[in-house]
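What follows is one structure encoded as structure tokens, with my remarks underneath.
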Amino acid sequence: MDRPHHKFWPERLPRSITVPATSLWHNLATNAERFPQKTATVFFGRETRYAELAAQVEALAGRLHALGVGKGDRVILDMQNCPQLVIAHFAILRANAVVVPVNPMNRAEELKHYITDPDAKVAITTGDLAAELAKASNSLPAEQRLAHLVVTQFTDAFDADVEGDEAPSPAWRDWLLTRHPLPELEGGSVTSWSDALSAGHPAPVHTVGANDMALLPYTSGTTGLPKGCIHHHSSINHNAFAGQLWGLASSEVVVLAVVPMFHITGVVSMMHTTILAGGSLVIMPRWDREVAGRLISRRKVTSWTNIPTMVIDLMGSPNFASFDLSSLSYIGGGGAAMPQAVAQRLFEQYGLRYLEGYGLTETAAPSHANPFEHPKQQCLGIPYLSTDARVVDPDTLAEMPVGESGEIIMRGPEVFEGYWKRPDATEAAFVEFEGRRYFRSGDMGRMDEDGYFFITDRLKRMINASGFKVWPAEVELLMFRHPAIQEACVISMKDAYRGESVKAVVVLRPTHQNTTEQEIIDWCRENMAVYKIPRAVQFVDALPKSGSGKVMWRLLQEAEARNTA
């Protein structure tokens, strides 16, 4: 059945594609044969060829197999962007296991959940994060701890004396050049990266395919701890193949890989799509506008997936005029709307249209995207290849008329299988619509007369800080562990740069009335990822509650909005 957006569908593309029967490892293995001497990754001037990348993946997969990693086992991957992340990610898949990508900003208190919930026994990390991961494991009961930890140092992947346009930011040098001692893992072993790759263990026979689990990324929600999203090789492969077609990605694509590759967008739209195409990943471990500008210029980057704040920051550099962005043919992203004035400046100066998209961890990144040929600004785009999306009344599930707001629901081969160990949450996440199973996004939106989708509100209680999703319930659970906090309610506050930031409204225990705002913030800094930390703490005598005793967070949010206004 034709949908309104089909009249704007790119003529060069089919409306749906066939999902491969092969695994994600097959994509790298194929290009190692096709393009053995082609650059796969670049990291501060050091290039890794496809044949070398595949050989390192095979070596690490052999080591993982020797450590007891078998088919379907979950392996934690806790790293900032670096070539070792790409190697480890594909090694886990090569060993028939499942990647559990973890945000490297998480602290020990948060990391415990990522060890115990997926029943992980092996983790791979960098030296700067290893102590925190070991601390999390060592604090658990013996039967729940990690059994093995593989640790790499950043300088395993680049030359410390690199200079010039591809050198690290001066602010990063201590962080990147320090070779951290290996931590103690109670009841387990710790292996260095070089020892793991040189151990000489053969990789196991590769037996997984489209219908086996490949990825278990975690997403939070309105209640409780983060939930694992079960993705098979098929859902990730669909969006990798679709992304290659949609983004016109050939083997000559050069991608600035700065979006974190623990995040579903970085994993799928950047890493897997580029490796599938046989392109090159120019890897940045963190955002720095000067480094980004130099790398785009030096490496002739053709594709840059980002969050809008990165573009705004780059264009605000005093050195912006000296950067050469002429090689870029694609620039786009999501997580937050791109301000129209910035998008217009990109178009006027470089002829680049900023292409926004939309997706969730549950949909393997994009479920919607703007077509090159007919983009709209501050718009989610149209449903992706093989995807159907509707706007429905969240209560009755009746489809909403054009232009009216409702909940966005979607179905397609990129949609996840369900939540790990959470059949209740899985059941609640799907609805039957017109006889088919659709995923409920939890986002309110509308569809215009052309079939393009726009966000209007959220059903889920969530804070969007520079594209990072902060779930208030998760932050509250962590804050309740502070000895001075009797009750806490987390809301959003306006932030000129980040869009939104976290604010905590706190009731102190009678015994801790002298606790200060800074003490609370400092404690949060020790116990949670930096993007979750409250930027402000407001002390109150009591939180507003309903007759059933639930905290009425909307009243606090509305009061914050009035105060801001």
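For clarity, every value in this text was computed on a predicted model and none was experimentally measured.
- When side chains are defined from C-beta on, Met310 counts as touching Val258, because their heavy atoms get closer than 4.5 Å.
- Under the 4.5 Å side-chain criterion, counting only non-hydrogen atoms from C-beta, Thr152 is in contact with Met79.
- Of all non-hydrogen atoms in Ala343 and Gln377, the two that sit nearest each other are CB-NE2, 3.7 Å.
- Classified by interplanar angle (parallel below 30°, tilted 30° to 60°, perpendicular above 60°), the ring pair Phe320/Tyr350 is perpendicular.
- Under the 3.5 Å distance criterion, the side-chain polar atoms of Glu500 are matched with a main-chain donor or acceptor of Asn464.
- No side-chain heavy atom of Met444 sits under 4.5 Å from any side-chain heavy atom of Ile455.
- Note that the CE atom of Met213 and the SG atom of Cys229 stand 11.5 Å from one another [nearest 0.5 Å].
- Atom CD1 of Ile408 and atom CZ of Arg440 lie 12.5 Å apart (nearest 0.5 Å).
- When the options Leu355, Val311, Ile331 are evaluated for a side chain to side chain contact (heavy atoms under 4.5 Å, CB included) with Met338, the one that passes is Val311.
- Proximity of a side-chain donor or acceptor of Arg74 to a complementary backbone N or O of Gly72 within less than 3.5 Å is detected.
- Among the candidates Trp246, Tyr358, Tyr452, the single residue satisfying the ring pair (Phe, Tyr, Trp, His ring centres under 6.0 Å) test with His368 is Tyr358.
- Side chains of Thr387 and Arg411: a donor-acceptor N/O pair is absent below 3.5 angstrom, by distance only.
- Lys494 NZ: 12 or fewer foreign heavy atoms inside a 6.0 Å radius.
- Lys300 has a carboxylate O that lies under 4.0 Å from a charged side-chain N of Asp324, or vice versa, which qualifies the two as a salt bridge.
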Handout entry: Trace of the salt bridge (charged side-chain N to carboxylate O under 4.0 Å, His left out) decision for Lys376 with Asp450
Key = CA-CA 11 Å; Lys376 294 190 179 186; Asp450 295 327; 2.8 Å; yes

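- Rounding to the nearest 0.5 Å places OH of Tyr438 at 6.0 Å from CD1 of Ile409.
- Tested against Leu216, the residues Ile230, Val99, Val75 include a single side chain to side chain contact (heavy atoms under 4.5 Å, CB included) partner, Ile230.
- In this structure, Tyr354 has its ring center no closer than 6.0 Å to that of Phe347.
- The two atoms that bring Ala365 and Ile264 nearest to each other are N-CG1, 3.5 Å, heavy atoms only.
- Partner of Lys469 under the side chain to side chain contact (heavy atoms under 4.5 Å, CB included) criterion, out of Leu360, Ile463, Thr219: Leu360 alone.
- Judged purely by distance below 3.5 Å, without hydrogens or angles, the side chains of Asp117 and Tyr218 pair a donor atom with an acceptor atom.
- For Glu362 and Tyr419, the side-chain atoms include at least one donor-acceptor pair closer than 3.5 Å.
- Side chain of Asn319 to main chain of Ser322: no donor-acceptor pair is present (N/O by atom type, distance under 3.5 Å, no hydrogens or angles).
- Listed for the Glu432 side chain is no donor-acceptor partner under 3.5 Å among the backbone atoms of Arg437.
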Practice task
Just do the side chain to side chain contact (heavy atoms under 4.5 Å, CB included) check on Tyr50 and Thr39 with the steps written out, would you?
Solution key: CA-CA 6 Å; Tyr50 266 92; Thr39 299; over 6 Å; no

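- Residue Glu427 qualifies as open at atom CD: its count of foreign heavy atoms under 6.0 Å is 12 or below.
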Exercise for the section: Report the C-alpha separation of Glu110 and Lys532 in whole Å, then their side-chain angles, then the decisive distance to 0.1 Å, and conclude whether the salt bridge (charged side-chain N to carboxylate O under 4.0 Å, His left out) test is met. Expected result: CA-CA 11 Å; Glu110 298 162 303; Lys532 301 175 189 172; 2.7 Å; yes

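- Neither side chain, His232 nor Asp212, offers a donor N or O lying under 3.5 Å from an acceptor on the other.
- Atoms NE2 and CZ, from His263 and Phe468 in turn, are 7.5 Å apart once rounded to the nearest 0.5 Å.
- Looking at Trp172 and Asp288, their side chains never bring a donor and an acceptor atom within 3.5 Å of each other.
- The environment of Glu33 atom CD is sparse: at most 12 non-hydrogen atoms of other residues, nucleotides or ligands sit within 6.0 angstrom.
- Pairing each heavy atom of Glu58 with each of Trp25, the nearest pair is OE2-CZ2, 3.4 Å.
- Using a 4.5 Å heavy-atom cutoff, the side chains of Arg3 and Arg390 are in contact.
- For the pair Pro83/Phe158, no side-chain contact is recorded, criterion being any heavy-atom separation below 4.5 Å from C-beta on.
- In this structure Pro413 satisfies the side-chain contact (heavy atoms from CB on, under 4.5 Å) test together with Val19, His238, Ser386, sequence neighbours excluded.
- The one candidate from His272, Gln84, Arg94 that meets the side chain to side chain donor-acceptor pair (under 3.5 Å) condition with His89 is His272.
- A distance of 6.5 Å separates OG of Ser367 from CD of Glu414, quoted to the nearest 0.5 Å.
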Exercise for the section: Go through the steps for Ile92 and Asp73 under the test side chain to side chain contact (heavy atoms under 4.5 Å, CB included), then give the verdict. Expected result: CA-CA 9 Å; Ile92 295 165; Asp73 288 344; over 6 Å; no

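- Contact of the Ser317 side chain with the Glu290 side chain is registered, since non-hydrogen atoms from C-beta on lie closer than 4.5 Å.
- When side chains are defined from C-beta on, Pro217 does not count as touching Val267, because their heavy atoms never get closer than 4.5 Å.
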Handout entry: Residues Arg49, Glu47; criterion salt bridge (charged side-chain N to carboxylate O under 4.0 Å, His left out); working and verdict
Key = CA-CA 6 Å; Arg49 315 293 177 180; Glu47 299 182 7; 3.1 Å; yes

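- Proximity of a side-chain donor or acceptor of Asn237 to a complementary backbone N or O of Thr22 within less than 3.5 Å is detected.
- Here the CG-CG distance, from Leu380 to Asn370, works out to 8.0 Å after rounding to the nearest 0.5 Å.
- Across Leu93 and Val208, no two heavy atoms sit closer than the pair O-CG2, 4.3 Å.
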Practice task
Determine, step by step, whether Arg294 and Glu166 satisfy the salt bridge (charged side-chain N to carboxylate O under 4.0 Å, His left out) criterion, reporting the C-alpha distance in whole Å, the side-chain angles of both residues, the deciding distance to 0.1 Å, and the verdict.
Solution key: CA-CA 7 Å; Arg294 293 198 303 268; Glu166 299 192 81; over 6 Å; no

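- Judged purely by distance below 3.5 Å, without hydrogens or angles, the side chains of Ser501 and Asp495 pair a donor atom with an acceptor atom.
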Handout entry: Phe439/Phe416 under ring pair (Phe, Tyr, Trp, His ring centres under 6.0 Å): CA gap, chis, key distance, verdict
Key = CA-CA 9 Å; Phe439 170 65; Phe416 77 138; 5.6 Å; yes

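- Within the 4.5 Å cutoff, the side chain of Cys82 has heavy atoms near those of the Phe43 side chain.
- For the pair His6 (side chain) and Gly451 (backbone), a donor-acceptor distance under 3.5 Å is absent.
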Exercise for the section: Starting from the C-alpha separation in whole Å, work towards a yes-or-no answer on side-chain hydrogen bond (donor to acceptor under 3.5 Å, both in side chains) for Glu407 and Ser441. Expected result: CA-CA 7 Å; Glu407 184 178 5; Ser441 71; 4.7 Å; no

